[in-house]
Amino acid sequence: MMMLDPFSLADLEQAIACNQLDTYFQPKVDIASGRVVGVEALVRWNHPAKGLIKPNAFITMAEENGLIGDLTDLVCNKALEYATQLRSLGYDLNIAINISVDSLTNLEWPDRISSLLEQSGLEAPSISFEITESRLMEHLSVALDILSRLSLKRFNLSIDDFGTGYSSMEQLQRIPFSEFKIDRAFVHGAAREASARAILESSVLLAKKLDMKVVAEGVEDQEDWDLVAEIGCDQVQGYFVSRPLPFGNLVKWLDEQKSK
Ligand code: C2E
Ligand code: CA
Ligand code: CA
């Protein structure tokens, strides 16, 4: 197998310090109304020599080398700045930000994010933090304190990649989540895969029992859309609606939706 051209930790440190990171945005659509209700911020690295690098190539490196706190702060800053611009353009959308469990060990973080929010003029209920199920369950006791503080501040908490982490009912009830995002492994093609469909259906059932909203990730075609609508998901995210877009293209895309 050919090795991908690697980058060093120093490169990543520099990228964070020199503002080479940006956020793309992927729309989330409400199934019942067909309206765009939010966008998820997804980090991208504009590497001066290697071009656009996706997060899976560098998030783990950031987590393992103490850079994730700075990365998270940078992403939050950008996402809130863009969110303010969206507001001024008349788009009142929920903004979802991915948070690594490793960022949930710093007890000062909820206050820091609150003061950032204050500067931006936005309100906590229009911000969601997405935390991956599997890693959260490994570090639940540490993260729980910070998640509770965030929830008290009225931020939305969303459990990401649901279905990959084997959470128990008991664990799920302890965390103040308001949303499940079902992993795309159980969404795309589930109409033709009995086991994926079974996991999708039981996840939706569980979410409804716990009074949570359900977002289906990875909806790539009409068949996926029809299935998640039939099963009772609330929102959809995926290539069928739109790929993640740089901010300028997101605004164009939103304008086009308005005139449809
Ligand atoms: P995620 O949070 O599950 O985000 C969804 C990923 O699935 C995104 O990949 C998105 O581009 C991709 N995707 C969306 N719709 C479809 C679809 O219909 N089909 C397929 N095949 N893929 C789809 P991306 O942007 O490469 O991000 C990968 C992961 O990196 C994210 O997964 C998230 O866990 C992590 N990540 C992204 N941004 C950040 C960040 O700012 N901070 C942290 N800590 N993690 C981040
Ligand atoms: Ca996510
Ligand atoms: Ca996911």
Side-chain angles (χ1 to χ4, degrees), residues 3-26 38-86 94-122 124 126-136 138-139 142-143 145-147 149-150 153 155-158 160-161 181 243-251:
M3 283 285 286
L4 283 175
D5 198 0
F7 44 81
S8 67
L9 182 58
D11 287 344
L12 182 57
E13 257 169 319
Q14 208 197 354
I16 296 171
C18 300
N19 209 9
Q20 288 170 13
L21 301 185
D22 197 10
T23 52
Y24 276 36
F25 291 94
Q26 189 177 35
V39 289
E40 177 178 3
L42 294 157
V43 69
R44 296 288 182 268
W45 178 359
N46 279 310
H47 193 286
K50 299 186 174 80
L52 204 67
I53 304 179
K54 289 205 182 165
N56 286 337
F58 58 88
I59 291 288
T60 307
M61 186 190 259
E63 287 173 342
E64 288 174 352
N65 294 281
L67 295 178
I68 195 68
D70 288 345
L71 185 145
T72 302
D73 284 358
L74 192 152
V75 166
C76 288
N77 264 312
K78 294 243 171 201
L80 293 181
E81 255 171 48
Y82 285 131
T84 316
Q85 287 188 50
L86 281 178
N94 178 276
I95 308 291
I97 303 175
N98 291 284
I99 303 294
S100 164
V101 166
D102 297 305
S103 296
L104 296 181
T105 50
N106 180 352
L107 285 173
E108 278 138 39
W109 191 71
D111 285 334
R112 206 158 70 235
I113 188 76
S114 280
S115 59
L116 255 186
L117 190 76
E118 241 165 69
Q119 289 162 29
S120 74
L122 301 163
S126 62
I127 310 293
S128 302
F129 294 121
E130 300 190 355
I131 300 122
T132 300
E133 183 194 18
S134 52
R135 297 216 49 228
L136 178 63
E138 288 167 27
H139 301 88
V142 190
D145 189 357
I146 297 198
L147 292 174
R149 289 175 195 224
L150 291 170
K153 290 178 184 291
F155 289 102
N156 290 298
L157 300 176
S158 169
D160 210 350
D161 300 337
K181 288 188 85 174
R243 289 190 174 248
L245 302 167
F247 184 72
N249 293 12
L250 172 75
V251 173

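Every heavy atom of this structure was used, including side-chain atoms; hydrogens, water molecules and symmetry mates were not. Keep in mind the model is a prediction, meaning the values are calculated, not measured.
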Mind running side chain to side chain contact (heavy atoms under 4.5 Å, CB included) on Arg112 and Asn106 for me, showing each step along the way?
CA-CA 10 Å; Arg112 206 158 70 235; Asn106 180 352; 3.7 Å; yes
Please evaluate residues Glu63 and Arg135 with respect to the criterion side chain to side chain contact (heavy atoms under 4.5 Å, CB included), reporting the C-alpha separation (whole Å), side-chain torsions for both, the decisive distance (0.1 Å), and the verdict.
CA-CA 12 Å; Glu63 287 173 342; Arg135 297 216 49 228; 3.2 Å; yes
Output, in order, the C-alpha distance, side-chain angles, deciding distance and verdict of side chain to side chain contact (heavy atoms under 4.5 Å, CB included) for Val101 and Thr132.
CA-CA 8 Å; Val101 166; Thr132 300; 6.0 Å; no
Could you check Asn249 against Tyr24 for side chain to side chain contact (heavy atoms under 4.5 Å, CB included), going step by step and ending with a plain yes or no?
CA-CA 9 Å; Asn249 293 12; Tyr24 276 36; over 6 Å; no
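Using a 4.5 Å cut-off on side-chain heavy atoms (C-beta onward), Leu116 and Cys76 make contact. Side-chain contact between His139 and Thr105 is absent, with no heavy atoms from C-beta onward closer than 4.5 Å. Looking only at side-chain heavy atoms (C-beta outward), Lys153 and Asp111 come within less than 4.5 Å of each other. Taking 4.5 Å as the limit, some side-chain heavy atom of Gln26 sits within range of a side-chain heavy atom of Leu42. With contacts defined as side-chain heavy-atom distances shorter than 4.5 Å, the pair Ile99/Leu104 qualifies. Annotation: side chain of Val75 is in contact with side chain of Leu71 (closest heavy-atom distance under 4.5 Å).
Closest approach of Pro110 and Ile113 over heavy atoms only: O-CG2, 3.1 Å. Scanning both residues, Leu122 and Ala83, for their nearest heavy atoms gives CD1-CB, 3.6 Å. Of all heavy-atom pairs between Ser103 and Thr72, the closest is OG-OG1, 2.9 Å. Heavy-atom minimum distance, Glu130 versus Ala96: OE2-CB, 3.4 Å.
Counting heavy-atom neighbours within 6.0 Å of Glu108 CD, excluding the residue itself, gives a total of 12 or less.
Counted by atom type alone, Ser126 and Asn94 present zero donor-acceptor pairs between their side chains at under 3.5 Å. For the residue pair Tyr82 / Asn77, no side-chain donor-acceptor distance below 3.5 Å is found, with atom types taken as modelled. For the residue pair Asn98 and Glu40, a side-chain donor N or O sits within less than 3.5 Å of a side-chain acceptor on the partner.
Distance CG/Asn46 to SG/Cys18: 13.0 Å, rounded to 0.5 Å. Rounding to the nearest 0.5 angstrom, the gap separating the CD atom in Glu13 from the OG atom in Ser8 is 8.5 Å. Residue Gln85 holds its CD atom at 4.5 Å from CZ of Phe247, rounded to the nearest 0.5 Å. Distance CG/Asp102 to CG/Asn65: 11.0 Å, rounded to 0.5 Å. In this structure, NZ in Lys54 is found 13.5 Å from CD1 in Ile59, a value given to the nearest 0.5 Å. In this structure, CD on Gln20 lies 15.5 Å from CZ on Arg44, to the nearest 0.5 angstrom.
With Phe25 as the fixed residue, the side-chain contact (heavy atoms from CB on, under 4.5 Å) test singles out one of Leu250, Leu245, Leu86: Leu250. No option in Asp11, Leu12, Leu9, Ile16 other than Leu12 meets the side-chain contact (heavy atoms from CB on, under 4.5 Å) test with Phe58.
Note on Lys181 versus Asp161: no salt bridge recorded, every NZ/NE/NH1/NH2 to OD/OE distance being 4.0 Å or above.
Ring orientation note: the planes of Phe155 and Phe129 are tilted relative to one another, at an angle of 30° to 60°. Using a 30° and 60° split on the angle between ring planes, Phe7 and His47 fall in the tilted class, from 30° to 60°.
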